[in-house]
There are 2 protein chains.
Amino acid sequence: MRRKQAEPAEFEGQADPALQGPLQQYVGYALRRAQLAVFQDVIATLADVDLRPAQFSVLILVDANPGIVQSHASASLGIQKANFVPLLTELERRGLIDRVAVDGRTNGLFLTRKGRATLKRANALHTVHHARVDAIIGTENREQLIEICLKLAELAR
Amino acid sequence: MRRKQAEPAEFEGQADPALQGPLQQYVGYALRRAQLAVFQDVIATLADVDLRPAQFSVLILVDANPGIVQSHASASLGIQKANFVPLLTELERRGLIDRVAVDGRTNGLFLTRKGRATLKRANALHTVHHARVDAIIGTENREQLIEICLKLAELAR
DNA sequence: CAAGAATGTTATGCTGTATAATTCTTTCGG
DNA sequence: CCGAAAGAATTATACAGCATAACATTCTTG
């Protein structure tokens, strides 16, 4: 006797079931798909400077806040301090940032000359991505998206 | 001689540097923070039914598309088919879904009675989360957010 | 000065995700 | 009909992201 069988659900020529069904109404699902797509594009865009999004964000933050302390920086970025250590170690190894002792237990973070140059290149590349995003959703929608996302981030506290 | 030192950057009473600086303008960063916050809330909300977001999404998809084939389901959810296997195995082990052979190499997916009951409970719980989101950003913004996210997801293709 | 808090670090595990290779089955062209 | 190719599910594996606990050192404060 054969195993129990079933007629397969057919979707030939139809739209993607997940983009049709109830999942489309879920904020979390939409955010996840969008975030993955955007990150993928950013990663590809920044490949030339060999920067992952997290690394890029550190450079941006340190550039805007020279001397920021490790614990402040990691908290501000929503990264556990424990996970922040190898991140910084790698950036320091590549000569992009400096950890400068403020006192015996505290490090201030600074971009090196090379770090600033790399960030400049990264920002130039990022402009391409930015333009791609704007081409898809429009400048107005992008600004509104960010505003809504900032509000949603409040959920985490 | 002491180690090189630096004055620490001060932020007493000031707003979070990452929420002030250039990072705030980046779509990817905003999406990531929002997605993490929303997922965290969903995870906490669905803890009572012991469903992770990915598991929840599978139940929703299968419920809306009974008999959907594994490969279609995984592709539709943006999950690698290899990673989809243990996900389904766990849901099957818990008696929430059935893998029914369509032919020797293909499985159709169905919710069990228990699976439908669990999904019903999960959806009820999710309503609470949904209300929390709406309370923060408003219904109109939620709908617009989803629309924008769907467009952004196109970046991944 | 002693107790406690702060900072950075190490170690560790879990989850999610990506890729390659394998097995088994079905389809299809000659 | 039969062998080759393609399809579906699975296994194995590796890596990045994220969380927690424990720890060493240093600073602060009563």
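Here is how names work: the chains are called A, B, and so on, in the same order as the sequence lines, proteins then strands, and each is numbered from 1. Because the structure is predicted, anything quoted here is derived from the model rather than measured.
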When you measure from the side-chain N and O atoms of [X] to the phosphate of [N], is any distance below 4.0 Å, counting only OP1 and OP2?
X      : N      : value
B:Q80  : C:dA18 : yes
A:Q70  : C:dT9  : yes
A:R32  : C:dT17 : yes
A:T106 : D:dC27 : no

Between [options], which one does the side chain of [X] approach most closely?
X      : options                : value
A:V85  : C:dT9, C:dT17, D:dA8   : C:dT9
A:D103 : D:dA8, D:dA19, D:dC27  : D:dC27
A:V69  : D:dA9, C:dT7, C:dT26   : C:dT7
A:R52  : D:dA16, C:dT9, C:dT19  : D:dA16
A:R105 : D:dA19, C:dT19, D:dC27 : D:dC27
B:N107 : C:dT10, D:dA9, C:dA18  : D:dA9
B:A82  : C:dT17, C:dT19, D:dA9  : C:dT19

Rounded to whole angstrom units, what separation is found between the [atom1] atom of [X] and the [atom2] atom of [N]?
X     : N      : atom1 : atom2 : result
A:R33 : C:dT17 : CZ    : P     : 10 Å
A:F56 : D:dA16 : CZ    : C1'   : 19 Å
B:L36 : D:dA16 : CG    : C1'   : 14 Å
B:I79 : D:dA9  : CD1   : C1'   : 15 Å
B:F84 : C:dT17 : CZ    : P     : 12 Å
B:Q55 : C:dT15 : CD    : P     : 10 Å
A:F39 : C:dT17 : CZ    : C1'   : 14 Å
B:E90 : C:dT15 : CD    : P     : 10 Å

Problem - B:T45 side chain vs B:D41 backbone, donor-acceptor pair below 3.5 Å - result: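 Yes, B:T45 side chain to B:D41 backbone: donor-acceptor pair under 3.5 Å.
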Exercise for the section: Have a look at A:A54 and say if it touches a base, only the backbone sugar-phosphate, or nothing, with a 4.0 Å heavy-atom cut-off. Expected result: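 No contact at all - A:A54 keeps every heavy atom at 4.0 Å or more from the nucleic acid.
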Practice task
For residues A:V58 and A:L96, determine if any side-chain heavy atom of one lies less than 4.5 Å from a side-chain heavy atom of the other.
Solution key: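 With C-beta onward as the side chain, the pair stays apart.
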Practice task
For A:D134 and A:T139, test the side chains for any donor-to-acceptor distance below 3.5 angstrom and give the result as yes or no.
Solution key: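 Yes, A:T139 and A:D134 have a side-chain donor paired with an acceptor closer than 3.5 Å.
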Practice task
Indicate whether any N or O donor in one side chain lies under 3.5 Å from an N or O acceptor in the other, for A:Q55 and A:E90.
Solution key: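 Looking only at side-chain atoms, A:E90 and A:Q55 do not form any donor-acceptor pair under 3.5 Å.
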Exercise for the section: Select from A:Q40 and A:T89 the residue whose nearest nucleotide in DNA chain C is closer to the 5' end of that strand. Expected result: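 First, find each residue's nearest nucleotide; the 5'-ward one identifies A:T89.
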Problem - Crowding at CD, B:E147 (>12 non-hydrogen neighbours, <6.0 Å) - result: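 Incorrect, the count does not exceed 12.
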Exercise for the section: Run the salt-bridge test on A:K151 and A:E154 with the 4.0 Å N-O cut-off and return the result as yes or no. Expected result: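 No, this pair does not count.
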